[in-house]
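Below: the structure, in C-alpha cells.
Chain A is the first sequence line, chain B the second, and so forth, proteins listed ahead of strands; every chain is numbered from 1. None of the values given here were measured: they were computed from a predicted structure.
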Amino acid sequence: MTISLKPGNTPPEKLQPTGWLKYLSFSLDHKVIGLQYLVCGFFFYLIGGSLAGAIRVELTSPLSDFMPREVYNQVLTLHGTIMIFLWIVPVVNGAFGNYLIPFYVGARDMAFPRLNAVAFWLIPPSGLMLITSYFINGAAQSGWTAYPPLSITTPAAGQIIWILSVLLLGGSSIFGGINFIATILKLRRPGLKLMQLPMYCWAMLGTSILVVLSTPVLAGTLILLSFDIVAHTGFFNPSLGGNVIVYQHLFWFYSHPAVYIMVLPAFGLVSEILPIHSRKPLFGYTTMVFSIMGIVVLGLVVWAHHMFTSGTPPWMRLFFTIATAFIAVPTGIKFFNWVATLWGGKISLNAAMLFSCGFIINFVLGGITGVALAQVPFDVHVHDTYFVVAHFHYIVYGGSVFVIFSSIYHWFPKFTGKMLNENLGRFHFIITFIGFNLCFAPQHWLGLNGMPRRVAEYDPQFQLINQISSVGALLMALSTLPFLWNILQSILYGDEAGDNPWNALTPEWLTSSPPPVENWEGEAPLVLEPYGYGEKDSTKTQEQLK
Amino acid sequence: MTSIVPKEQSSESTKDLSTEEHEDFRLFGLIAFLIADGMTFAGFFAAYLTFKAVNPIGPDAVYELELPLPTLNTVLLLLSSFTFHRAGKFLEKNQSKECQKWLLITGSLGLAFLISQMFEYFTLPFGLTDNLFASTFYALTGFHGLHVTLGSIMIMIIWWQTRVPSGRVNNENKFPFEAVELYWHFVDGIWVVLFIILYLL
Ligand code: HEM
Ligand SMILES: [Cu+2]
C-alpha cells in the first residue's frame with residue numbers, strides 16, 4: 001500500500017518544498033493550503049474592492065460620466081462575482097477550514113490531501129480567467145445572478161467565460177465540502193466525540209452539507225444556460241418557449257444557501273474567538289449545535305423569497321415568508337448565546353474582539369432588514385432597490401468580512417509565530433467600522449425612497465446621500481492600508497508570539513507557532529473541553545493548565 | 001481542569017487508523033460525492049418536470065416516444081449491476097480469473113447501453129434545438145450517458161487492475177473495486193428514475 005493512503009500520515013511529497021516557496025507549490029499540507037486560500041482570497045478582495053471603488057466613483061454624480069453603461073454593468077458583475085466566489089466563500093471555508101479543522105479533530109491532515117490541493121488550485125486560474133474576460137471580449141454584464149434572458153442576449157464570450165469560471169469555482173467548493181465532511185465525521189482522534197468538537201467544526205459540517213446539496217444544482221443550471229448561449233436551445237429563452245422563472249428557482253436554490261455558506265463558517269469562527277478573549281465558556285453549546293443544523297435545514301427551503309416579484313403564486317409567497325421568518329429563530333439563539341458568552345466575562349478589547357463585536361452589531365442590523373424583506377408587501381416595495389444592496393452588504397461585509405479580519409488578528413500568531421500590532425489593529429477596526437456604516441447605512445434610505453440598484457444613472461435628488469456613501473467607501477478602502485502595513489511590519493519585525501499567546505484551550509494552540517508539518521511533535525492532545533475557561537484559569541499559563 | 005488528557009493516558013488511542021477504518025472514511029467521501037452528483041440530476045429532473053407542467057409542448061403532443069430501445073437499455077443496466085455484484089463475490093473468494101470475466105461482461109453491457117442509446121438518438125425524429133422537451137430530453141439522457149461512459153472506463157481500469165499477480169486491486173485492497181461498484185449502482189439507479197420520468201410519465 002502506498003503511504004499516501006494512510007490517513008493522518010504525511011505523504012512524502014508534503015515535505016519537499018521549504019521556505020516561502022512552498023506556498024507557490026502543489027503542497028499537500030493542510031496548513032499551507034489554508035494560507036494559500038487566504039492570501040489568494042485577499043488578492044481577489046483587493047481587485048473586487050477596487051471595482052467597488054470604481055462603482056462608487058461613478059455614483060458620486062447622477063450622470064453616467066465616469067464610465068459608459070456597459071462598462072458599469074461589467075464592473076458591477078465582476079465586483080459581485082469576485083467578492084462572493086473568490087473572496088468570501090474560499091476564505092471562510094477554504095482558508096480557515098483547511099487550517100483549523102485537522103487540528104480540531106486531532107488529525108495530521110485532511111481526509112483527502114490531494115483533492116484538497118486540487119480544490120485550491122482550481123481557484124487562481126478561474127479567477128484570472130474571469131478577470132481577463134474583461135479585456136478579451138467584454139466581461140459578462142448581467143450581474144452575479146446572470147438572469148436570462150439578459151445573460152443569453154448580451155455578447156456571448158464574456159458570459160461563457162463567466163459560466164466556466166463559476167463552474168470551476170463551484171467544483172472547487174464541492175471538493176472542499178466532501179473533504180470537510182469526511183474529515184469531521186470520520187477522521188476524529190479516537191476518544192473524541194462529536195459533541196466535544198469546537199463549534200467551528202459544526203459550522204463547517206453544516207456548511208459542507210449545504211455545499212454538497214446545493215452547489216451541484218447551480219452547476220446543472222449553468223450548464224443548461226451555456227447550452228442556451230452556445231447551442232441556441234431554449235431552456236430559459238422565452239422566445240423559444242423556455243421559462244426564465246425555472247432559472248430563478250434553480251439559481252436561488254443554490255444562492256440562498258450560498259448566503260449561509262458565507263455566513264455559517266463566520267458564526268463558527270466567532271464562536272471560537274469570543275470565549276478566548278472573554279475568558280468564559282461558550283454559552284449554550286448544545287443549542288448552538290442545534291441552531292446550526294436548524295439553519296441548514298431551513299436554509300434549503302426558503303429560496304423563493306428572492307422571487308416574490310417574479311409572479312410567484314400566493315400560496316408560495318405565504319410558505320416562503322413563513323419559512324424565512326422561522327430562520328430568525330435559530331439565528332436569534334446564536335446571537336443570544338454570543339451575548340451571554342460575553343456577559344460578565346473578562347473582556348480584552350483587542351482587535352480580534354473588536355471585529356467580532358462589530359460583526360455581532362452589523363449582523364443584527366442586517367438580520368432585521370432581512371426579516372423585513374421576507375414580508376411580501378415590503379419586499380414588493382423595495383425589491384431591486386438600494387435597500388436590498390444595503391441589506392446584503394450588512395450581511396456579507398458587516399458579517400463575513402468583519403469575521404475574516406477578526407480571525408486574521410486572532411490566528412496570525414499561530415500562522416506566523418509573530419504578534420500583530422494591537423494599536424494599529426484597533427485603528428483599522430475603527431476606520432473600517434465607521435466607513436462601513438457610513439457607506440451602507442444611508443443606502444437603506446436610498447432604497448426606501450426608490451433608487452433602483454444596478455444603474456449608473458439616477459435621479460439628482462439622491463446625489464448627496466450617494467456622495468456620503470462614497471466617502472464611507474473611501475474610508476473602507478483607506479482602512480486596508482494600516483492592515484497591510486501591520487501584516488508586513490509584523491512578519492518582518494513583529495514580536496515573537498510564543499505557542500499560545502491567548503492562553504487558549506482549543507487544540508491548535510497546544511502546538512508550536514507556526515506548527516510543525518505533522519501538526520504536533522509526538523501525538524495529538526485529546527481536548528475534551530475546548531471552552532473550559534473560568535475565573536480561576538484566566539490567569540494561568542498554558543504550562544500550568546497541562 | 002480535565003480538559004486536556006495528559007499524554008501518558010492516551011497513548012494507545014493515537015495509533016494510526018487501521019485499514020478498515022480507513023476505507024470507512026473514503027467510503028464516506030464517495031457517498032458525499034454521489035449525493036452531490038445526484039443533486040445535479042435532481043436539478044435537471046425538477047427543471048424537466050416544471051417545463052412539462054407549465055409548458056407542455058413536446059413530442060408527447062406531436063409524436064410518441066418509442067419504448068423498445070429504452071426498455072432494452074433498462075434491462076442492460078440492471079443486468080450489469082447484477083454482473084458487477086457477481087464479480088465482487090469472486091474477488092472476495094480470491095478467484096480473480098472469474099472476477100475478471102464478470103467485470104468484462106459488465107463493461108460490455110455498459111458499452112452495449114451506449115451503442116443502443118446512440119442508435120436511439122439517430123432514430124428519434126427530433127433534434128436538440130427543436131423544442132423545449134427535445135432539449136431537456138437530450139440534456140438529461142446525454143448527461144446520464146456521460147456518466148455511463150465514465151463508469152465503463154473505470155470498469156475497464158478495475159478489470160485491468162484485478163489481474164494476478166501484478167494487478168493492484170485484490171481482496172486486500174478492495175476499495176477501488178467497491179467504489180466503482182457503488183458508482184455503477186448509482187448510475188443505474190438514476191437511469192431507472194430517468195426512465196420512469198422521461199418515458200413513462
Ligand atoms: C469594499 C466595500 C464594498 C463596496 C463599497 C461595495 C459597493 C457595491 C455597490 C455600489 C454595488 C452596486 C449595487 C447595485 O447597483 O446593485 C455592489 C454590488 C454588490 N456587491 Fe458590493 N461592495 C463592497 C463589498 C462587497 C463584498 C465584501 C461583497 C461580498 C459578498 C459584495 C457583494 C456584492 C454583490 C453580490 C453585489 C451585487 C452585484 C450584482 O448585482 O450583480 N460587495 N457593491
Ligand atoms: Cu435568501
Kindly give the heavy-atom pair with the smallest separation between A:I178 and B:A32, and that separation in Å.
CG1-CB, 4.0 Å
Looking at CZ of B:F25 and CD1 of A:I181, how far apart are the two atoms once the value is rounded to the nearest 0.5 Å?
14.0 Å
For B:F33, is it the side chain, the backbone, both, or neither that has a heavy atom closer than 4.5 Å to a heavy atom of chain A?
both
From B:N131 atom CG to A:T233 atom OG1, the distance as rounded to the nearest 0.5 Å
11.5 Å
Whether over 12 other heavy atoms sit under 6.0 Å from B:F44 CZ
yes
Heavy atoms only: give me the nearest A:L213-B:M39 pair and the separation to one decimal.
O-CE, 3.1 Å
Quick one: CD1 on A:I174 to CG on B:D37, what's the gap to the nearest 0.5 Å?
9.0 Å
Identify which part of A:L218 has an atom lying under 4.5 Å from any heavy atom of chain B, answering side chain, backbone, both or neither.
neither
When rounded to the nearest 0.5 Å, the distance separating CZ of A:F112 from CG of B:L30 is 8.5 Å
Does CZ in B:F137 sit with more than 12 non-hydrogen atoms of other residues, nucleotides or ligands closer than 6.0 Å?
yes
Which portion of A:F253 sits near chain B, non-hydrogen atoms under 4.5 angstrom
side chain
Between B:G38, B:G29, B:A139, which has the largest tally of heavy atom pairs under 4.5 Å with chain A?
B:G29
Over 12 non-hydrogen atoms of neighbours within 6.0 angstrom of CD in B:E66:
no
Crowded around A:M316 CE? As in, over 12 foreign heavy atoms under 6.0 Å?
yes
Nearest heavy-atom neighbours spanning B:G43 and A:V217
CA-CG1, 4.4 Å
To the nearest 0.5 angstrom, please state how far the OG1 atom of B:T50 sits from the NE2 atom of A:H249.
7.5 Å
Heavy-atom distances under 4.5 Å only: say whether A:V246 touches chain B with side chain, backbone, both or neither.
side chain
In terms of relative ring orientation, are A:F235 and B:F51 parallel, tilted or perpendicular, with 30° and 60° separating the classes?
parallel
Spacing of B:S135 atom OG and A:D228 atom CG [to the nearest 0.5 Å]:
7.5 Å
Of all heavy-atom pairs linking B:L132 and A:G234, the shortest is CD1-O, 3.5 Å
Examine whether an atom of A:F236 lies under 4.5 Å from a heavy atom of chain B, and if so say whether it belongs to the side chain, the backbone or both; otherwise answer neither.
side chain
